[in-house]
Protein chains: 2
Amino acid sequence: MDVDARKLRILQAIVEDYILSNTPVGSRTLSKTSGLGVSSATIRNEMADLTEMGYLIQPHVSAGRVPSAKAYRLYVTQLLPQGMHEEELTSARRAFTSRVRDMESLVSQGAAAISDLTHYTALVLTPRQSDLTVRSLHLVPVGRERALLVIVTDSGVIRDTSIRVSSRLDAQALYTIGQMLTERMRGLTLREVREMLYGYAASSDADARVLSGIADLAAQVEKQTGSDRVMVGGAHSILYYPEYADVCRARAFMDALERKDSLIAMLRQGEDQLSVRIGTETGIPEFSDCSVITAPYRIGRGHTGVIGIIGPTRMPYARMLDMMRMFSQEMTAALSVKE
Amino acid sequence: MDVDARKLRILQAIVEDYILSNTPVGSRTLSKTSGLGVSSATIRNEMADLTEMGYLIQPHVSAGRVPSAKAYRLYVTQLLPQGMHEEELTSARRAFTSRVRDMESLVSQGAAAISDLTHYTALVLTPRQSDLTVRSLHLVPVGRERALLVIVTDSGVIRDTSIRVSSRLDAQALYTIGQMLTERMRGLTLREVREMLYGYAASSDADARVLSGIADLAAQVEKQTGSDRVMVGGAHSILYYPEYADVCRARAFMDALERKDSLIAMLRQGEDQLSVRIGTETGIPEFSDCSVITAPYRIGRGHTGVIGIIGPTRMPYARMLDMMRMFSQEMTAALSVKE
DNA sequence: TGTTAGCACTCGCAAGCATCGAGTGCTAAC
DNA sequence: GTTAGCACTCGATGCTTGCGAGTGCTAACA
């Protein structure tokens with residue numbers, strides 16, 4: 001059997017009706033409201049075909065039809081209405097840019113901002129940074145035996161951590177050490193820096209305090225740069241959708257959000273382009289009734305992070321895709337201006 | 001009427017039974033399980049008195065009794081069992097200290113750690129910092145026209161923000177400016193620094209770039225130090241309590257957690273000592289079925305932050321009080337070692 | 001005078017049952 | 001190919017009923 005033009009139009013009407021109403025769509029209501037100009041009986045016939053083909057699901061024999069994941073997939077791939085809601089988009093853009101003005105807040109508050117503006121749960125994956133190259137290193141005294149290590153990379157990203165240093169080192173000495181480290185490490189990747197520092201810790205004949213300081217530093221650098229980090233914003237948004245009126249489901253959803261490693265894997269998969277994953281396509285069982293829209297953002301030369309939203313499969317895809325595309329552009333723009 | 005010793009014992013038994021079971025406590029079960037050595041009829045008489053006095057509530061005539069907020073208050077004030085669960089406490093202490101090893105993670109991850117260990121929603125209020133005094137300032141170049149401003153205070157707290165600076169300033173110039181600023185501002189409070197910087201911005205005859213950089217900086221300092229910040233951890237913990245099986249209630253709870261200003265006001269109220277607030281004592285309508293336990297922690301000389309947990313009034317108060325006391329000690333210890 | 005056994009009574013809860021109505025599938029007519 | 005008509009399905013709603021945990025009261029007892 002073939003999905004002809006009329007079937008497509010009916011399917012589109014069902015999906016869009018269901019997205020708004022969250023109740024099974026009946027043939028009678030559809031023939032009245034959709035403006036297709038055919039009677040309910042005709043629509044019933046087509047619906048029977050679409051059900052047979054797996055695009056529609058009947059919760060029970062005397063209820064209307066509900067779109068399946070396959071239907072959403074078809075809808076997103078072929079049926080998305082284009083270029084609407086310009087005014088909504090520009091106001092969201094304004095709200096977003098005014099909130100994430102500086103780079104630090106971009107990643108930490110980005111998730112909250114995206115969630116606020118979409119009313120879905122937002123995910124932000126920070127770029128992996130082991131292969132950024134170092135531009136300079138600085139040591140700033142912050143107290144007895146403590147210094148702040150600042151690493152400036154060629155993408156302008158700062159990683160700063162507090163480390164322990166020898167009490168014999170004053171501000172001037174730390175400044176000099178910073179310059180020395182900069183000279184030796186400029187142009188190396190963070191991974192190389194980490195390995196070099198482990199080398200130092202093993203071979204240097206300086207006193208134990210400096211040794212342990214450097215080892216500390218290496219460990220910190222490794223921890224902070226080697227692995228992806230993911231931020232979740234607005235997890236409670238899900239409670240506003242009737243799909244999650246059951247607390248057990250909401251709980252399972254939120255627990256899944258805590259398992260950062262699987263989230264990271266999911267986000268990394270759609271790393272290079274705007275993508276929609278529907279139901280089981282997410283690869284996470286708890287999200288099999290959800291859809292995930294992800295978009296990459298770039299920081300410096302080719303290092304990508306990912307932003308995403310997650311919500312019930314019943315989602316206004318067109319609007320959300322436009323929004324995510326916009327957020328991605330804004331994040332990338334914000335991060336490249338600051339270099 | 002008087003609350004005699006036997007009434008107290010019965011009330012204690014009811015509260016503790018209810019905390020575990022979350023079902024109204026009946027006279028028959030109580031006489032069998034509590035080991036009070038009196039019959040159910042006697043307990044019924046006492047229960048009737050306690051109900052009349054406002055300590056117990058009857059959901060309906062043929063259900064057992066449920067403790068009122070007044071009962072919890074009496075329980076917390078007079079009836080708390082002392083010095084138990086040492087082993088649980090030490091294991092929690094170990095888990096906590098291993099997770100919040102350095103100062104940066106202490107505040108940001110503290111909320112998550114406390115929530116994980118208590119299974120309640122955790123709150124961490126950062127100390128107000130406008131009256132810390134400055135020890136030194138540093139400017140670190142992080143890219144074209146951008147520098148990292150690091151403020152070191154006498155409590156060892158670092159506030160760092162990224163600011164815009166003139167492109168004509170290289171690393172050496174920034175270092176010198178940092179030294180100059182340090183000389184002028186050492187010993188001033190952050191508030192004075194902010195005002196001084198506004199003065200600079202208004203009066204200086206340097207070029208516009210430096211002016212705007214300084215103004216930027218002043219605004220940032222004001223933003224980051226003037227106001228309290230509160231972190232919420234484990235908001236979804238609430239979903240595990242049957243009291244919040246209704247999604248509407250859970251939603252109201254989480255929405256209330258988003259209103260940071262009222263949270264801050266609540267936390268600041270119990271600022272100086274370990275405190276329990278029950279039901280309406282929290283001062284937040286959405287939390288009128290909740291209890292809040294807060295404990296102060298100290299950073300440097302006298303600057304206090306507050307940690308707290310929030311959950312249903314049906315809460316194992318003795319254990320949680322011990323835990324919060326411990327967390328408060330650990331936070332204070334961790335923050336004073338790092339000075 | 002305080003405690004206890006006994007008993008009638010209350011009322012939420014779950015199960016059973018009838019009713020309702022939105023929506024379907026099928027058939028026959030257009 | 002489309003449509004009107006009609007019997008049928010089945011979840012949702014609402015009502016009744018029986019059950020049982022728990023109460024309050026009374027009278028007997030120590």
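Basis for what follows: all heavy atoms, side chains included, without hydrogens, waters or symmetry-related copies. As the structure is a prediction and not an experimental result, all values here were calculated from the model. Order of the sequence lines sets the chain letters (A, B, ...), proteins ahead of strands, with each chain counted from 1.
For the pair T118(B) and M320(B), the minimum side-chain heavy-atom distance is below 4.5 Å.
Atom-to-atom, CD1 of I43(A) to P of dT3(D) comes out at 9 Å; the value is rounded to the nearest Å. Going from atom CZ of R28(A) over to atom C1' of dC6(D) covers 14 Å, rounded to whole Å.
Under a 3.5 Å cut-off, the side chain of S328(B) and the backbone N or O of P296(B) do form a donor-acceptor pair. Between the side chain of S68(A) and the backbone N or O of Y55(A), at least one donor-acceptor pair lies under 3.5 Å.
A cation-pi arrangement, defined by a distance under 6.0 Å to the six-membered ring centre and an angle within 45 degrees of its axis, is present between R251(B) and Y240(A).
Remark: dC30(C) base-pairs with dG1(D). Criterion, Watson-Crick or G-U wobble with two distances under 3.5 Å. Base pairing of dG24(D) is made with dC7(C), judged by Watson-Crick or G-U wobble geometry with both donor-acceptor distances under 3.5 Å. Nucleotide dT13(D) has dA18(C) as its partner under the Watson-Crick or G-U criteria, with both atom distances under 3.5 Å.
In R249(B), the CZ atom is crowded: over 12 heavy atoms of neighbouring residues, nucleotides or ligands sit closer than 6.0 Å. By the neighbour-count criterion of 12 heavy atoms within 6.0 Å, atom CZ of R28(A) is sparsely surrounded, having that number or fewer from other residues, nucleotides or ligands.
Using a 30° and 60° split on the angle between ring planes, Y241(B) and Y120(B) fall in the parallel class, below 30°.
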task: For nucleotides 1-6 of chain C, just jot down a letter per nucleotide in 5' to 3' order: B, S or -, based on protein non-hydrogen atoms under 4.0 Å.
output: --SBBB
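Listed by residue number, V61(B), S62(B), A63(B), G64(B), R65(B) are the residues of residues 60-70 of chain B with a heavy-atom contact under 4.0 Å to DNA chain D.
Remark: the S31(A) side chain and the S39(A) side chain contain no N/O donor-acceptor pair separated by less than 3.5 Å.
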